[in-house]
Amino acid sequence: QGAYKVVRLETSAASIETLCAKNGCLSDVHPGASLLAQGQWHEGKYGRQLVVDALELSPPQRATDIEAFLHSGAVKGIGAKRAKMLVQKFGERTLDVLRGGAEPELLRIPGVGPKLLAQIRGALEAHDASHARIEACAFALGLGLNRAQAQLLWETHGTQTEAVVRADPYELLHAVPQLGYPVVDQLARQRLGTAAATVERGCAALVFALRRAASAGDCFVDRARLIVAATRLLLVPEELPLPAARRVAELALEKMLKDGGLHADTPPPRVGSDRAADAAALQAIFLPLMVREETGVASAVRRRLPARRDG
């Protein structure tokens, strides 16, 4: 029940293996499905068990597997007898037909009317959505996320979860912020093949440094300090030494300022100082959210001030 489930799997070697998952990746697996599981073997109370870490799930393809799936209770309205009749008539096309084809033929099957057919199709749609969730969560669990974090990722990106994360692993910082940059960066480089010198990696380091500053009460970070903070996050001695890491941070900052991902505000020069040097060192860098909040506070204060009278 819940996140814990045990299933018995018939392997290609005609043996029976037991799979055990406490992380929810087996929660909606039904008879007839094909599984590709990764994990660790353990000797359990009832024999050898594979404790699943990651899972690829394929829907039933063979007629016998489709019949087992249909009468497993996964599709409300179909029992053992009706499952056998459907598979005898449509064979390996059964699931495709049930999802949206050959309606006249389906309605000629004894006991199948428009109401039951609509119920069956609704149940299959729900099962397909559940299957997509399993795949997305299994991908997340395979990256090392826990079940709650995998669920957060699913709620954010749905069926596009794997595609989004593979395209930009640092999206994990937005969907699951509690992971933090060091964890996501290690995952991105070691499991998803992100190169140490990518600008996207630099952008993620900048945003993380600004968010960390905001959590400490700072609305902005001056440019020089931000570059130092991001460089420290980007530094990978074997792959990206200090000068190269700093260059990635600088390129990422220029890109984000140009694209509107960050906002810069240049303070007035100090008396007797070099204006250009001041601008470079003291330029205040904001997250867009902080700019909106600061602007909103200033506007609210101005509205409450008494009207100025001239003369």
Side-chain angles (χ1 to χ4, degrees), residues 1-21 23-39 46-52 54-139 141-142 154 158-163:
Q1 293 182 350
Y4 187 90
K5 188 168 186 176
V6 176
V7 301
R8 301 192 72 200
L9 179 68
E10 182 179 350
T11 70
S12 56
S15 62
I16 301 295
E17 301 288 3
T18 301
L19 279 70
C20 170
N23 56 15
C25 67
L26 293 175
S27 58
D28 292 311
V29 171
H30 294 284
S34 297
L35 307 178
L36 177 60
Q38 296 178 352
Y46 300 104
R48 194 169 73 140
Q49 299 176 352
L50 178 68
V51 179
V52 177
L55 179 75
E56 290 183 22
L57 176 64
S58 300
Q61 302 293 330
R62 299 176 303 180
T64 53
D65 293 336
I66 293 171
E67 184 178 342
F69 165 71
L70 287 175
H71 73 68
S72 68
V75 181
K76 191 174 180 180
I78 299 181
K81 183 177 179 181
R82 189 165 288 146
K84 189 174 189 66
M85 291 173 59
L86 287 165
V87 172
Q88 283 179 340
K89 184 170 183 61
F90 298 108
E92 294 178 356
R93 298 189 304 120
T94 300
L95 292 178
D96 291 333
V97 169
L98 287 173
R99 285 187 175 99
E103 188 166 322
E105 292 181 78
L106 284 168
L107 293 175
R108 284 197 290 271
I109 294 175
V112 178
K115 185 176 180 179
L116 178 59
L117 182 56
Q119 177 181 308
I120 290 170
R121 286 180 169 169
L124 276 173
E125 287 179 9
H127 177 269
D128 291 345
S130 176
H131 177 87
R133 184 186 65 80
I134 291 173
E135 288 189 326
C137 289
F139 167 72
L141 294 167
W154 166 258
T159 57
Q160 297 302 307
T161 293
E162 183 171 355

Undergrad: With a 4.5 Å heavy-atom cut-off, do L98 and V75 have their side chains touching?
TA: no

Undergrad: If I compare all heavy atoms of V87 with all of T94, which pair ends up nearest, and what's the gap?
TA: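 Of all heavy-atom pairs spanning V87 and T94, the closest is CA-OG1, 3.6 Å.
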
Undergrad: Restricting to non-hydrogen atoms, name the atom on K76 and the atom on A123 that form the minimum distance, rounded to 0.1 Å.
TA: N-CB, 3.9 Å

Undergrad: Looking at side-chain heavy atoms only, is the closest gap between L95 and H127 below 4.5 Å?
TA: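 No, their side chains stay 4.5 Å or more apart.
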
Undergrad: Going by an N to O cut-off under 4.0 Å, is there a salt bridge joining R62 and D65?
TA: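 Looking at D65 together with R62, the answer is yes, because their closest N to O distance falls below 4.0 Å.
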
Undergrad: Quick one, K84 and K81 - any side-chain contact, counting heavy atoms below 4.5 Å?
TA: no

Undergrad: Please find the pair of heavy atoms, one from G158 and one from A136, that lie closest to each other, and give the distance.
TA: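 Scanning both residues, the minimum pair turns out to be O-CB, 4.2 Å.
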
Undergrad: Do you know the tightest heavy-atom contact between Q61 and E92?
TA: O-CG, 3.5 Å

Undergrad: Measuring only between side-chain heavy atoms, which start at C-beta, is E135 closer than 4.5 Å to E162?
TA: no

Undergrad: Decide yes or no for L116 and I78: does some side-chain heavy atom of the first lie under 4.5 Å from some side-chain heavy atom of the second?
TA: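 No - every pair of side-chain heavy atoms lies 4.5 Å or more apart.
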
Undergrad: When you measure from the side chain of R99 to the backbone of L124, do you find a donor-acceptor pair of N or O atoms at a distance under 3.5 Å?
TA: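 Between the backbone of L124 and the side chain of R99 there is no qualifying donor-acceptor contact (under 3.5 Å).
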
Undergrad: Please examine the side chains of K89 and M85, heavy atoms only from C-beta on, and report whether any two atoms are closer than 4.5 Å.
TA: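 They are not in contact (no side-chain heavy atoms under 4.5 Å apart), so the answer is no.
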
Undergrad: Can you measure from CD (E125) to CG (D128) and round to the nearest 0.5 angstrom?
TA: 7.5 Å

Undergrad: Answer whether the closest heavy-atom distance between the side chains of I66 and F90 falls below 4.5 Å.
TA: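 In short, these two side chains do not touch, never coming nearer than 4.5 Å.
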
Undergrad: For the residue pair W154 and A132, what are the closest heavy atoms and their distance?
TA: CZ3-O, 3.7 Å

